[in-house]
Amino acid sequence: MHVVVLGAGYAGLTLTRLLERDLPPDVDITLVDESPNHLVQHELHRVIRRPAVADEITVSLTDAVERATVRVARVEGIDTDERTVVLSDGTLSYDVGAICLGAQTAYYGLEGVREHATPLKRLDDAQQIRTDFWAACERTTAPRIVVGGAGLSGVQVAGELAELAREEGEGIDASVTLLEQFSQVAPHFPSNFQRAVRSALEARGVDVRTETTVTAADEDRVTVDGSTALPYDLFVWTGGIRGSDALEGDRPSVRSDLRLTDRTFALGDAAQVVDATGEAVPASAQSAVREARTVAENVSRIVDADRDPETVFTPRLEAFEFESPGWLVSVGDGAVAQVGPAVFTGRAAKALKTTVGVGYLSSVGAIGNAVDLVSEELPFDRSRFGSE
């Protein structure tokens with residue numbers, strides 16, 4: 001029997017490691033990704049200001065898995081009826097499959113935005129944003145930075161760029177403007193979390209403009225609300241997501257058992273998930289990891305049923321119900337955290353966000369990366385405790 005996991009993001013890598021633990025040793029597991037490394041996406045914004053973080057948030061797939069076969073290839077097409085996958089280097093067939101291909105940046109057909117904005121999905125993107133920031137600083141002492149989209153990714157990018165301008169831009173008077181079409185930053189989150197995020201941004205000098213819709217862009221201006229032009233020297237776009245090219249840009253809807261077809265699951269950002277309570281599940285790292293746990297259980301039940309010659313009925317599958325323990329977002333050197341109804345900021349929020357990052361890295365076997373991340377995010381001040 002062959003189980004295939006397509007994509008090695010949060011959902012795919014978590015699922016693969018769980019399947020390695022749960023499935024019988026004679027079941028073959030293949031993990032496919034176009035990169036040989038797993039990227040801790042929720043820390044990607046850090047690379048804009050601190051390039052060394054790239055090593056801490058990159059995990060080799062062959063180091064992260066134990067017995068699964070890692071195949072480095074691009075997924076170009078999926079036939080769920082035939083249970084076959086077209087890859088950039090050939091084809092693959094499966095008995096049970098999981099689509100965990102994540103999402104790509106959506107540009108919604110806005111004229112000029114794809115051509116002139118830099119997204120934030122890969123290490124190369126973060127490095128390009130940093131390079132473009134310094135190039136803008138060389139051209140002018142007052143570079144204008146525009147970030148389109150104030151979801152959590154946009155908030156983190158804006159905060160990072162504002163902090164970079166403050167700590168390293170001596171003689172530079174950079175402005176950072178964050179645009180959001182909805183009435184609040186961090187749309188769809190609780191109002192007290194939204195207010196705290198906006199306050200944290202404004203405390204770092206970010207000009208937050210809500211109810212402002214990007215409608216076009218050219219090489220030096222972003223057009224908002226169809227007519228107003230905002231000049232820029234650096235334009236970053238975090239305005240939305242769409243599905244993988246292998247799914248023709250679609251993010252298919254799946255119900256609480258996370259099945260797309262009888263033997264193919266879809267989870268993480270690759271799918272639009274409705275949980276057992278009928279609620280839409282937000283696209284996030286914590287959603288992806290929790291969905292992977294449900295899919296691992298359901299794949300195990302299907303495999304067990306297939307291997308039992310006395311099984312007559314289709315196994316009953318577990319239903320996914322999303323319950324978030326809270327939300328976290330970095331804003332420059334600070335953070336905003338929500339745990340239950342409470343929202344807090346400051347060192348406690350930053351420590352909590354670092355703890356979450358360390359916990360995730362540890363869960364995928366990247367202990368060294370976790371230690372390095374702690375050292376980077378929460379440096380130990382020996383002077384407070386005297387000399388040795």
Side-chain angles (χ1 to χ4, degrees), residues 44-45 48 103-122 124-166 169 172-189 194 197-198 200-202 204-243 245 249-251 269 283 329 331-332:
L44 180 57
H45 62 283
I48 295 171
Q104 299 181 16
T105 302
Y107 297 95
Y108 307 109
L110 297 173
E111 182 181 354
V113 174
R114 179 190 293 271
E115 292 79 9
H116 298 290
T118 304
L120 186 66
K121 281 294 183 184
R122 302 173 182 273
D124 288 348
D125 296 333
Q127 292 159 348
Q128 187 64 54
I129 291 169
R130 178 180 174 84
T131 297
D132 290 347
F133 171 85
W134 287 116
C137 291
E138 290 176 359
R139 294 193 303 269
T140 175
T141 58
R144 298 155 299 187
I145 301 164
V146 175
V147 179
L152 299 190
S153 182
V155 166
Q156 294 188 143
V157 170
E160 210 66 24
L161 285 166
E163 208 77 72
L164 178 61
R166 180 191 64 79
I172 298 296
D173 183 22
S175 65
V176 180
T177 301
L178 179 61
L179 307 176
E180 173 54 52
Q181 66 174 330
F182 291 106
S183 61
Q184 298 291 336
V185 299
H188 316 304
F189 287 86
Q194 293 172 337
V197 170
R198 182 165 190 154
L201 287 164
E202 292 177 339
R204 286 161 178 80
V206 177
D207 178 13
V208 179
R209 302 189 190 185
T210 52
E211 298 184 305
T212 303
T213 302
V214 173
T215 51
D218 60 25
E219 61 184 8
D220 54 19
R221 294 176 301 175
V222 175
T223 302
V224 298
D225 300 326
S227 58
T228 303
L230 297 179
Y232 72 85
D233 299 289
L234 169 59
F235 180 27
V236 180
W237 178 255
T238 60
I241 59 174
R242 68 176 186 89
D245 287 341
D250 189 24
R251 296 176 63 225
D269 289 359
V329 64
V331 186

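Values below: all heavy atoms of this structure, side chains included; hydrogens, waters and symmetry mates excluded.
- T105 contributes atom OG1, which lies 9.5 Å from atom CZ of R122 (distance to the nearest 0.5 angstrom).
- Taken from CZ in R204 to CD in E160, the straight-line distance is 10.0 Å, to the nearest 0.5 Å.
- For the pair A283 and I241, the tightest heavy-atom approach, listed with the atom from each and the gap, is CB-CD1, 4.0 Å.
- Atom CD of E180 and atom OG1 of T238 lie 8.5 Å apart (nearest 0.5 Å).
- Separation of atoms CG (D218) and NE2 (H116) is listed at 6.0 Å; rounding is to 0.5 Å.
- Listed here is the closest heavy atom pair of A150 and V155: O-CG2, 3.7 Å.
- The two residues V146 and P231 have their closest heavy-atom pair at CG2-O, 4.3 Å.
- Around CZ of R130, the count of heavy atoms belonging to other residues, nucleotides or ligands within 6.0 Å exceeds 12.
- Scanning all heavy atoms of the two residues, the minimum distance from L201 to A158 falls at CD2-CB, 4.3 Å.
- Between Y232 and F235, the ring planes are tilted. Angles from 30° to 60° get that label.
- In this pair, Y107 and W237 present their aromatic rings parallel. The plane angle is below 30°, not in the 30 to 60° band.
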- CA sep, side-chain torsions, deciding dist, call: L230, R209, side-chain contact (heavy atoms from CB on, under 4.5 Å): CA-CA 12 Å; L230 297 179; R209 302 189 190 185; 3.3 Å; yes

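- Within 6.0 Å of atom CD in Q127, more than 12 heavy atoms from other residues, nucleotides or ligands are found, so the atom counts as buried in its surroundings.
- Of the possible donor and acceptor atoms, none in the side chain of D225 sits under 3.5 Å from a partner among the backbone N and O of S227.
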- Task: May I have the step-by-step check of side-chain contact (heavy atoms from CB on, under 4.5 Å) for V329 and Q156, ending in yes or no?
- Result: CA-CA 7 Å; V329 64; Q156 294 188 143; 3.5 Å; yes

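- If you run side chain to side chain contact (heavy atoms under 4.5 Å, CB included) between V147 and each of L234, V157, V222, only V157 comes through.
- Taking the side chain as every heavy atom from C-beta outward, I48 and E163 never approach each other to under 4.5 Å.
- Side-chain contact check for T228 versus T212: every heavy-atom pair is 4.5 Å or farther apart.
- Within a 6.0 Å sphere centred on CD of E219, heavy atoms belonging to other residues, nucleotides or ligands number 12 at most.
- Checked by atom type and distance alone, the side chain of Q194 pairs as donor or acceptor with a backbone atom of A186 at under 3.5 Å.
- Tested against R198 for a side chain to side chain contact (heavy atoms under 4.5 Å, CB included), the candidates T210, V206, V331 yield a single pass: T210.
- Looking only at side-chain heavy atoms (C-beta outward), S175 and D207 stay at 4.5 Å or farther from each other.
- Applying the salt bridge (charged side-chain N to carboxylate O under 4.0 Å, His left out) criterion to D245, with sequence neighbours excluded, gives R242.
- Pairing each heavy atom of T213 with each of Q181, the nearest pair is OG1-CB, 3.4 Å.
- The heavy-atom pair separating T215 from G226 by the smallest distance is OG1-N, 3.1 Å.
- Put simply, the side chain of F133 does not reach to within 4.5 Å of the side chain of V236, judged on heavy atoms.
- The one candidate from D125, D132, T131 that meets the side-chain hydrogen bond (donor to acceptor under 3.5 Å, both in side chains) condition with Q128 is D132.
- Put simply, the side chain of L152 reaches to within 4.5 Å of the side chain of F189, judged on heavy atoms.
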